[in-house]
2 protein chains.
Amino acid sequence: MTINLRDRRRRQTARDIQQAALRVALQAGYCAATTDAIAAEAGISPRTFFNYYPNKTAAVLGQPPVLDTQAGAWIATSEAPLVDDLVRLLGQMLKDDSPDRQTLRMIERLIETTPDMQILFRKSLDAISFALAGLLQARLGAHRALEADLIAAMSTHALANGVRSWAADEAMDLDGVLDMTRDQLRSVCVLLG
Amino acid sequence: MTINLRDRRRRQTARDIQQAALRVALQAGYCAATTDAIAAEAGISPRTFFNYYPNKTAAVLGQPPVLDTQAGAWIATSEAPLVDDLVRLLGQMLKDDSPDRQTLRMIERLIETTPDMQILFRKSLDAISFALAGLLQARLGAHRALEADLIAAMSTHALANGVRSWAADEAMDLDGVLDMTRDQLRSVCVLLG
DNA sequence: GCACATTATTGCGGACTGTGCAATATTTGC
DNA sequence: GCAAATATTGCACAGTCCGCAATAATGTGC
């Protein structure tokens, strides 16, 4: 149990720091929220803050979901329609992550007051996009590398749109996010002819 | 001539600083390239550096092309296929910008050594994506806001792919970039079914 | 329980970024 | 050439982030 217990504590502390960061940032504004103030709010030393997060942005956004490329390798050989496979894969990831609505709402509010945060939010999803692009390239072939990249970027983008709606709408569940993601991708295809 | 002359000097200095920044970053690595070193290389004081660029990233990437929403408003009412209109609009912007192959190549090389730069490169194109999303929403309607966002993101992404190929391939011209952009968008539609 | 190994926390010092301000230099309009 | 506008610079300062070493906390084996 030793490792798990420590890890659990670590994750809890990381979450506490994120909550503190969001509270301070929402109250004082993102730029005015110094790492010192966040550390104070979280009840840790300024130095410890950087043991948990490399920078202020990471602390505010927390750890984004991770796309497990091992567990998603099936997509390379699947013969189901691509959109369905994409949504299935992203759904797998989303449920592993089980995001916290309250936290996401605070992030939402912060983005409203600090539009620059939106770019940082997207950036935090780039790791997913990159991993997904790799999987898609395995499916589509190296000659479709650029397209794989585009589809990956658009899919994570669509998922992010869905998650933001989910955070705002109490009545929505995670499957609703996936439905929304699928709808967006299909609509784009139709619109682009 | 007064304003134009000063402006020309300003733009030239900005370009000089960018070149200096790229030289230093390529030689020492992006992280190790301090703003002081860049200023020294450009022959200006460290303080003057920040009169031209808000930060090191901006200096390295230079000013990205700007999508003129006035000149692109026609897309809202056009009845041509969307892909064609998108490519036409982006082509208009690209030709206004007349990018410098040599500079882009240095950026390319920098991205190769510092993969994080790729994210920053994309981020520098977000302003285009945002402007384009606005135009597309005018065409598609507010109920398609999410899709407009997705199409805008994917289009600028595809254009960036094209420009990077153009920088690498001496035989390619700007129309080739646009052809590539169109091909990518079409392929994505086909692949997504 | 007890000593031990591992890990977490903290303080300190330092390099770097970015900004405001005021002094100085340069350019421009007349 | 003179006065106004603009650009450059030095200086001081707040803030970010990291390396290092000392200290505290926690889990392991006995």
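Both backbone and side-chain heavy atoms feed into the values below; hydrogens, waters and symmetry mates do not. The chains referred to below are lettered A, B, ... by the order of the sequence lines, with proteins before strands, and numbering in each begins at 1.
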Give a yes-or-no answer on whether the side chains of A:D16 and A:Q12 include a donor-acceptor pair shorter than 3.5 Å. yes
Could you tell me whether the side chains of B:Q18 and B:R15 share a donor-acceptor contact shorter than 3.5 Å? no
Which whole-number value in Å describes the distance from A:R9 CZ to D:dA24 P? 17 Å
Does a side-chain N-to-carboxylate-O contact under 4.0 Å join A:R105 and A:E108? no
So does B:D7 pair up with B:R10, basic N to acidic O under 4.0 Å? no
Distance, rounded to the nearest Å, where B:Y30 contributes OH and C:dC16 contributes P: 15 Å
Salt bridge check: are A:R186 and A:D84 linked by an N-O gap of less than 4.0 Å? yes
Among the candidates C:dT9, C:dG18, D:dT16, find the nucleotide nearest to the side-chain atoms of A:R10. C:dT9
Separation of D:dT26 P from A:D7 CG (nearest whole Å): 15 Å
Quick check on C:dT17: is either OP1 or OP2 less than 4.0 Å from any side-chain nitrogen or oxygen of B:T35? yes
Rounded to the nearest angstrom, tell me the gap between atom CD1 in B:I38 and atom C1' in C:dC16. 12 Å
Of the residues in residues 44-64 of chain A, which ones touch DNA chain D at a heavy-atom distance under 4.0 Å? A:R47, A:F50, A:P54, A:N55, A:K56
If you take all heavy atoms of B:L61 and B:L120, which pair is closest and at what distance? CD1-O, 3.5 Å
